[in-house]
Amino acid sequence: MSVPANHLFAPLAQVRGWRQINGPLFRKYVALFLVVVCIVLTGNGLFEVVFYYQDHKSSLIRIHREQAAAAANKITQFIKEIQSQIGWTTQLPWSGTTLDQRRVDGLRLLRQVPAITELSQLDPAGREQLRISRLLIDEVRGDTDFSADPKFVEAIANKAYHGPVYFRRESEPYMILSMAGPGRDTGVSVAEVNLKLIWDVVSQIKVGEHGQAYVVDAEGRLIAHPDISLVLRNTDMGRLAQVAAARALDAGGAAEPAQVANDIRGREVLTTHAPVTPLGWLVFVELPADEAYAPLRKALLRSGALLAAGLALAFLSAVFLASRIAVPIQAMRAGAARIGAGDLAQRLSIKTGDELEALADQFNRMAEQLQDSYANQERKVDERTQQLKLANLAKSRFLATASHDLRQPLQALGLLVAQLHGTPKAAERKRLVDRIDTAVAVMNELFDALLDISKLDAGVLAVNTTAFPVGRLLERIESTFREVTRDKKLSFRIVPSSVWVRSDPLMLERSVLNLVSNAVRYTDKGGVVVGCRRRGETVRIEIWDSGSGIPKDQQQNIFSEFYRLDRNRGGFGLGLAIVDRLCRLLDHPVELTSTVGRGSRFAVVVPAAPNEAEFAAPTSSLIRTPQDEHRAVDVGPGQDLAPLRVGDRRVLVIVIEDDPLVLDSLSGLLRQWGCRVVAAAIPGAVIASIANEEPPDLIICDLQLAGGRSGVAAIAELREAFRATIPAFLISGDTAPEQLRDAQQSGYHLLHKPVRPMKLRAVLSEYLRKHDALGAIRCL
Amino acid sequence: MKRRDFIAGLTGTAIMPFDARAQQRATPVIGFLNGGSSERFAYLLPAFRRGLSENGYVEGRNVVIEYRWAEGDYGRLPSLAGDLVNRRVDVIGAFGNSAPVAKAATNTIPIVFQIGSEPVAFGLVPNIRRPGGNITGVTNMAEELIPKRIELLHELLPVAAIAALINPLNFGAPAHVKFAQAGARTLGIRLHVLNATSQHDFDGVFAKIDELQVGALLICPDPLFAGQSKQLADLTGQHAVPTISGIREFVTAGGLMYYGDDIQELYRLVGVYIGRILKGENPGDLPVVQSTKVELVINLTTAKALGLIIPLVLRARADEVIE
């Protein structure tokens, strides 16, 4: 707003809370309101005044015109009356009356008409025979000849004559009126009429407070006026505009009679006139303009006062109304600012009962929701943090236990190797190496189990659901645990079943295997039974044991990683954890019933499949099949193996590995198998050393190389270098889920460290066999 | 812009009433100078006051009147006039033969005279229309009617000689004589001029009338005569002299005839003029007013007493008869 508007509001600054509401919105509304009211009132006032002025003026003029006309009429009547009276004296023929009679008649006329100061009678020849006067001595038989005088001539011609107004003794208006009788022989009576008596007529006309009427003759000289002195002064009114205009009008001119002009004293007046026909006089009625417009000024004053009052009221109303809007809006703005600043507990309290209150309520609701969501966020964050903490703890525990469990065989390993250093005898050496093998196998098992769990957690395992007979699974279980249970002197019964189920055969088999393994481990006497029970759409694979049982409070815990009910029984505590994850993945509920001292029953609920459905051979999965495991166990180390060959030549293998120990041992093993090995930590070195030779037959590369280099990239580099799609596979010490996913995506086979030699050999053979495009590979 | 006009209008309306009030600051004083008798002329004062009231002046309320009567002794007039002048009255009304004295007494204080003569001829004002100076007034045609009065007398009683009663101390006396002589000459009768300067002279005058055996008497206009109308009327009755006067009171007191204009009207007109001068008008701008009304009053009782029959022409003329 402009500065003047601010000044307008300055006095209000004293009001408390003024600063709070005096914003641009407030000022805008107040100003708008004021302007509107001002326009309305001013417009109204102006209209009123303008129209009032017009109406008033025209009504005044109308009134005055009537007054003038009435006065003119009265004057006309006055003159006519005198004429009629004079007419009495010319009724009879001149010869029919004596002079004395005429004299008496004349005197009676004088008495009858005070205005006549002198009466003379002319005989039919125009000679004055009688003159009677109020002032002068009468004259009888004067015989003065007036036969050529207009007062005689015109009277004879028109029956009546009126002369011009003249002034006697310089100051008294007089007029000659003469009348002739009906016949030519009646003579003419001539009367000298004192016009001062017309003054009565004029002075009786009431024109407002200070207005007046006056009469001017045909020449424009004043003949009657309320102020007799003006008349006696023989004032010439012809100078006045209105008189000139009226005379022009009378004379047939087209000039519009002036309505506002100056009077004889120079004051501005409202003027109208009426003619006194046929004398050619004009009666003017004039009202001072001041008086005429006084009501107008009053109206103006009224309008002004109304305007002022209206503006004041409008201002107050505007301030009030605008503040009713501005205050809530300001409150909301402040509230919003506070919320924006972070004070989410802020609530607005606006009780105006209108849209603003509704808006404020919405605002509050929004703030509430913000607050809730914040709290929720925080809670969620807390929860997550808590979860993370627990997860972290679990991981730490996991690591601790894992490392703890690892230490045992490692410890044994160390001791056994130490013993080997002592170069004992061959039989002792064999025993030690067997024990070393066992220790290594234990460690491998642990790592395998860890890898399984990692794979499951990474979600890299694909569920290949198919329908298959559960009997197959049961057979394998039976063959796997036949010996162990015999050794422990436990009864082991598998109830045969012809039921078909729909599940992933490998995963299901693994789960059942783990469950049975546990059952066997924890049962010292009695036995283990495995059977299937068909229940409608589902099949329950149940594993009964008469083992030590699981207390109720441990029944949840046993599915956790590394949780062992009884440490003395061995195992890593990972079996049930694997079962739990597998069955979650397969969406098969796992049930447990157990009584301490009596035994336990585990059940896996599997959906049934219609019988005789096609049995699809299981596709390869990353998970170790039980076959693999046992094969690995069966194939003992230390057997001499035939060297690997491609055609006639030795297989050239490139090994990229940043861990020198692994690099060395791997290279050594491969060489033992008859391969030529070029090993390095980085592909560049390998390229350099065999640049001029034929491309290698295989690349074995670590998934994660030193310096964050990717094994996949290294393989690509080597392939590029030799311009051949050399078969390759990855080995990795990482069991982290992301690495597993990366490896899966890369498409290369991934072996996990520690790689069992036999596994390695098997994979190698497989690769070499498959790629016989390079030449016939024979395993000699 | 509109505000300015509005304020101007507002101020304008506020100012207007002030003008009227500003003028009446001090109570004005009127000097009433009269050569006649306070007792006899008292009846004229209401007319005077009426004239004042036409301009809003009321004696005792907003104006003060200082009365100075010479009681018929014209010699006292100069000192009385001087007294008024010394009192610094705002305006002087000069009645009853006091006009010339008042004029001589002051050049500055406005004077409104009442005379029966022609003012220019007597040097009171240079002209009728715009006197200029500080003097104006009203006049009747008292002396102009002298010939007419003689004519009326003559009509009633065609005597050969009449007497005219004149107060030589009246400043208009020479004009009275002139008019009387002219009238008598026109009618072809003899004129005897008789003087009286005070009421003590009246007996002598009537004795002379008896001696001269004049048939009728004309009383010329004079404040003394006007004041002594009753006495004169009685005398005319006693001596059986048909008399005409220009004073109305004469015929009502028993005199035979009266022809003239109403003095009361004159006094009223003086009052009007004085009011206007007090309001601020310049006396020099006010023309001399001339009275217009003349009337003939005949006392029929007196006529009968005198054994006179009023002829028709006279009856026709008479505006009023007293029976």
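Side chains included, hydrogens not; waters and symmetry mates left out as well; all remaining heavy atoms used. Computed from a predicted structure; not experimentally measured. Labels below follow one simple rule: chain letters A, B, ... track the order of the sequence lines, proteins then strands, and each chain is numbered from 1.
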### Query
Between B:Val313 and A:Leu107, which heavy-atom pair has the shortest distance, and what is it?
O-CD1, 3.2 Å
### Query
Measuring from B:Leu145:CG to A:Ile137:CD1, what's the distance to the nearest 0.5 Å?
11.0 Å
### Query
So what's closer than 4.5 Å to chain A heavy atoms on B:Leu187: side chain, backbone, both or neither?
side chain
### Task
Heavy-atom distances under 4.5 Å only: say whether B:Arg315 touches chain A with side chain, backbone, both or neither.
backbone
### Query
For B:Glu295, is it the side chain, the backbone, both or neither that has a heavy atom under 4.5 Å from a heavy atom of chain A?
neither
#### Entry: Minimal non-hydrogen separation, B:Asp319 against A:Arg111, with atom names
OD1-CG, 3.0 Å
### Message
Looking at every non-hydrogen atom in both residues, tell me the closest pair between B:Glu151 and A:Arg103 and how far apart they are.
### Response
OE2-NH2, 3.9 Å
### Task
For B:Arg317 and A:Asp138, work out which heavy atoms get closest and say how close.
NH1-OD2, 2.7 Å
### Task
Specify the closest pair of heavy atoms between B:Lys148 and A:Ser133, including all atoms of both residues, with the distance to one decimal.
NZ-O, 2.5 Å
### Task
Count the heavy-atom pairs under 4.5 Å between each of B:Arg149, B:Glu118, B:Arg130, B:His154 and chain A, then report the option with the highest count.
B:Arg130
### Query
Is B:Asp261 salt-bridged to A:Arg134, cutoff N-O under 4.0 Å?
no
